[in-house]
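The chains referred to below are lettered A, B, ... by the order of the sequence lines, with proteins before strands, and numbering in each begins at 1.
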Protein chains: 2
Amino acid sequence: MQGRLDTFIEGMQGAETLDDLQGHIIGLRDVFDVEHLVYHSVNASGGQYAALTYPLTWVDRYLEQDYARVDPVVQGCYRRFHPVDWKRLDWSGKQVRDFMGEAQDAGVGQQGFSVPIRGPNGQFALFTVSDRRTDTAWNKYTERHVRDMILAAHFVNQKALEIERGTDETQQRNLSPREVDALTMLAMGYSRAQAAESLSISEHTLRVYIESARFKLNASNTTHAVARALTLGLLIV
Amino acid sequence: MQGRLDTFIEGMQGAETLDDLQGHIIGLRDVFDVEHLVYHSVNASGGQYAALTYPLTWVDRYLEQDYARVDPVVQGCYRRFHPVDWKRLDWSGKQVRDFMGEAQDAGVGQQGFSVPIRGPNGQFALFTVSDRRTDTAWNKYTERHVRDMILAAHFVNQKALEIERGTDETQQRNLSPREVDALTMLAMGYSRAQAAESLSISEHTLRVYIESARFKLNASNTTHAVARALTLGLLIV
DNA sequence: TATTAACTCCCCAGAAATGGCGAGTTCGAC
DNA sequence: GTCGAACTCGCCATTTCTGGGGAGTTAATA
């Protein structure tokens with residue numbers, strides 16, 4: 001496996017389009033010897049991109065129903081750092097059970113293992129393998145291959161970012177230190193008056209920072225600006 | 001190396017305090033056979049934690065001068081996904097050159113290679129190795145060990161998160177679906193009126209959601225509530 | 001079935017944020 | 001040495017939020 005994965009990563013470097021990547025994902029499924037393999041990226045601008053081996057009808061259904069808001073895999077990985085076995089997630093709740101039922105019917109294996117991946121500007125992606133092995137076989141399988149999956153997740157995401165924006169480096173213009181300060185205070189719950197006092201500047205100056213930050217972030221109001229700054233990883237609250 | 005890294009990762013699982021981790025970091029330097037090795041995390045609560053082999057005087061100086069705002073390694077990694085060789089970073093600019101001079105004097109090797117790591121809630125960390133090898137030797141070294149460094153970075157960060165908050169999973173407070181909807185709309189920049197229309201409810205109802213969310217999140221105003229929901233990973237914008 | 005939580009609706013007054021006007025200093029970079 | 005970008009200050013009118021009341025319906029769960 002180690003050798004095949006290395007070969008795969010090298011081979012993937014040639015990919016230049018998202019279609020190429022989709023092809024590699026299918027190849028990767030064989031390398032990992034599982035039934036399904038999914039790479040799904042959500043960037044902070046709301047754009048989604050997926051390369052996967054699930055049936056397309058299920059993908060359509062998933063998007064149409066906005067199942068990402070229910071899917072325990074997405075919700076669980078979003079608040080974890082380390083990869084997680086689907087069995088460890090919280091599957092209680094009516095909506096979730098209904099969702100799971102549908103997913104089973106659609107042919108998604110009952111076993112699954114997902115690796116959360118995060119990139120600059122609040123990018124979030126998932127690398128998932130799923131299968132029908134028994135619990136014991138699956139435990140043994142995942143234990144043996146966690147590291148391979150972490151690496152595969154990393155390189156697939158790196159390639160996807162590179163394809164999407166030409167490089168994996170983002171060209172976002174930075175907020176000035178004072179703009180960061182201002183938004184940080186607001187994110188901590190201070191009112192404008194309190195924030196201004198905290199920073200020892202006039203409330204008006206504070207407003208200038210907020211507005212220029214709003215402009216840079218393309219935000220329509222203060223809350224939006226703070227939200228964008230947070231999801232872009234610009235604030236350390 | 002592969003074998004020694006595996007052993008290291010297993011050994012590190014026993015670490016229970018940050019001091020333990022510091023010890024492992026020193027051990028890891030030998031595994032990687034470099035002069036310095038640094039793990040530096042900035043968690044979402046603003047606390048910083050570092051485990052490293054640099055001289056402490058340099059660390060103090062770095063913190064005191066808030067050099068993270070200047071350091072091209074931090075700045076560059078912050079907007080990249082893939083690990084990066086220090087040579088590829090932008091070292092122009094007066095402040096940066098001064099900083100580099102000081103770093104050299106402090107004994108930081110001229111060669112360096114850093115892996116950006118991101119966790120839930122905007123956590124950001126760096127895993128860095130630095131050395132004094134020649135350019136060619138360093139290129140060969142980094143090329144051979146990128147994957148090892150990615151894995152080491154992952155597991156060190158996972159351990160650090162686990163130590164810091166007991167688990168790598170962030171705590172969930174249950175906002176109701178409508179509360180999530182409401183905060184999501186606001187985080188996307190909608191005004192209350194627009195959000196209410198989007199959700200097909202009266203503006204007043206929307207207010208009820210915002211206020212109950214504010215209460216649950218212990219937030220002092222709408223912006224704060226949205227910020228907290230985002231950093232708690234409750235919203236996927 | 002009982003109970004809890006979520007969901008939905010309405011009014012008013014005071015507090016806070018926004019939009020639009022302008023202006024001077026300092027610092028590093030080209 | 002000019003240029004741009006960051007930092008700092010003020011006022012007024014308008015819009016938007018917040019805090020304080022109260023109340024009925026559905027859906028899940030114990």
Nearest-angstrom distance from the residue atom [atom1] of [X] to [atom2] of [N]:
X: B:Leu186; N: D:dT16; atom1: CG; atom2: C1'; answer: 12 Å
X: A:Asp181; N: D:dA6; atom1: CG; atom2: C1'; answer: 12 Å
X: B:Leu183; N: D:dC17; atom1: CG; atom2: P; answer: 14 Å
X: A:Asn221; N: D:dC17; atom1: CG; atom2: P; answer: 8 Å
X: B:Leu199; N: C:dC9; atom1: CG; atom2: C1'; answer: 15 Å
X: B:Met185; N: D:dT16; atom1: CE; atom2: P; answer: 18 Å

Requested in this report: For the residue pair A:Phe99 and A:Trp58, categorise the inter-ring angle as parallel (less than 30°), tilted (30 to 60°) or perpendicular (more than 60°).
Outcome: tilted
Query raised in the report: What orientation do A:Tyr78 and A:Phe124 show, parallel under 30°, tilted 30 to 60°, or perpendicular over 60°?
Result: perpendicular
Of all residues at least two apart in sequence or in a different chain, which pass the side-chain hydrogen bond (donor to acceptor under 3.5 Å, both in side chains) check with [X]?
X: A:Tyr190; value: none
X: B:Tyr209; value: none
X: B:Thr222; value: none

Query raised in the report: Mapping B:Leu206 and A:Glu203 to their closest nucleotides on DNA chain C, which lands nearer the 5' end?
Result: B:Leu206
Requested in this report: Scan residues 123-132 of chain A for pairs that pass salt bridge (Lys or Arg N to Asp or Glu O under 4.0 Å), counting only residues two or more places apart or in two chains.
Outcome: A:Glu35-A:Arg132, A:Asp131-A:Arg133
Report task. Please list all pairs passing the salt bridge (Lys or Arg N to Asp or Glu O under 4.0 Å) test where one or both residues lie in residues 104-128 of chain A, with sequence neighbours left out. Result -> none
Output all residues satisfying salt bridge (Lys or Arg N to Asp or Glu O under 4.0 Å) with [X], sequence neighbours left out; order by chain, then residue number.
X: B:Glu203; answer: B:Arg192
X: B:Glu102; answer: B:Arg61
X: B:Asp181; answer: B:Arg178

Query raised in the report: Any side-chain N or O of A:Ser202 under 4.0 Å from OP1/OP2 of D:dG10?
Result: yes
Query raised in the report: Across the strands shown, which category fits A:Thr222 at heavy-atom distances under 4.0 angstrom: base, sugar-phosphate, nothing?
Result: sugar-phosphate
Report task. Could you tell me whether A:Thr205 contacts a base, only the sugar-phosphate backbone, or nothing, with contacts defined as non-hydrogen atoms closer than 4.0 Å? Result -> base
Query raised in the report: With sequence neighbours left out, what residues match A:Ser202 under side chain to side chain contact (heavy atoms under 4.5 Å, CB included)?
Result: A:His204, A:Thr205
Check: protein-nucleotides 4-6 of chain C nitrogen or oxygen pairs below 3.5 Å:
| from | atom 1 | to | atom 2 | distance (Å) |
| --- | --- | --- | --- | --- |
| C:dA6 | OP1 | B:Lys216 | NZ | 3.4 |

Give each protein N/O atom lying under 3.5 Å from an N/O atom of nucleotides 20-24 of chain D, with the pair distance.
| from | atom 1 | to | atom 2 | distance (Å) |
| --- | --- | --- | --- | --- |
| D:dG20 | O6 | B:Arg207 | NH2 | 3.4 |

Could you pull out the protein-nucleic contacts involving nucleotides 27-30 of chain C (nitrogen or oxygen on both sides, under 3.5 Å)?
| from | atom 1 | to | atom 2 | distance (Å) |
| --- | --- | --- | --- | --- |
| C:dA29 | OP1 | B:Lys94 | N | 3.3 |

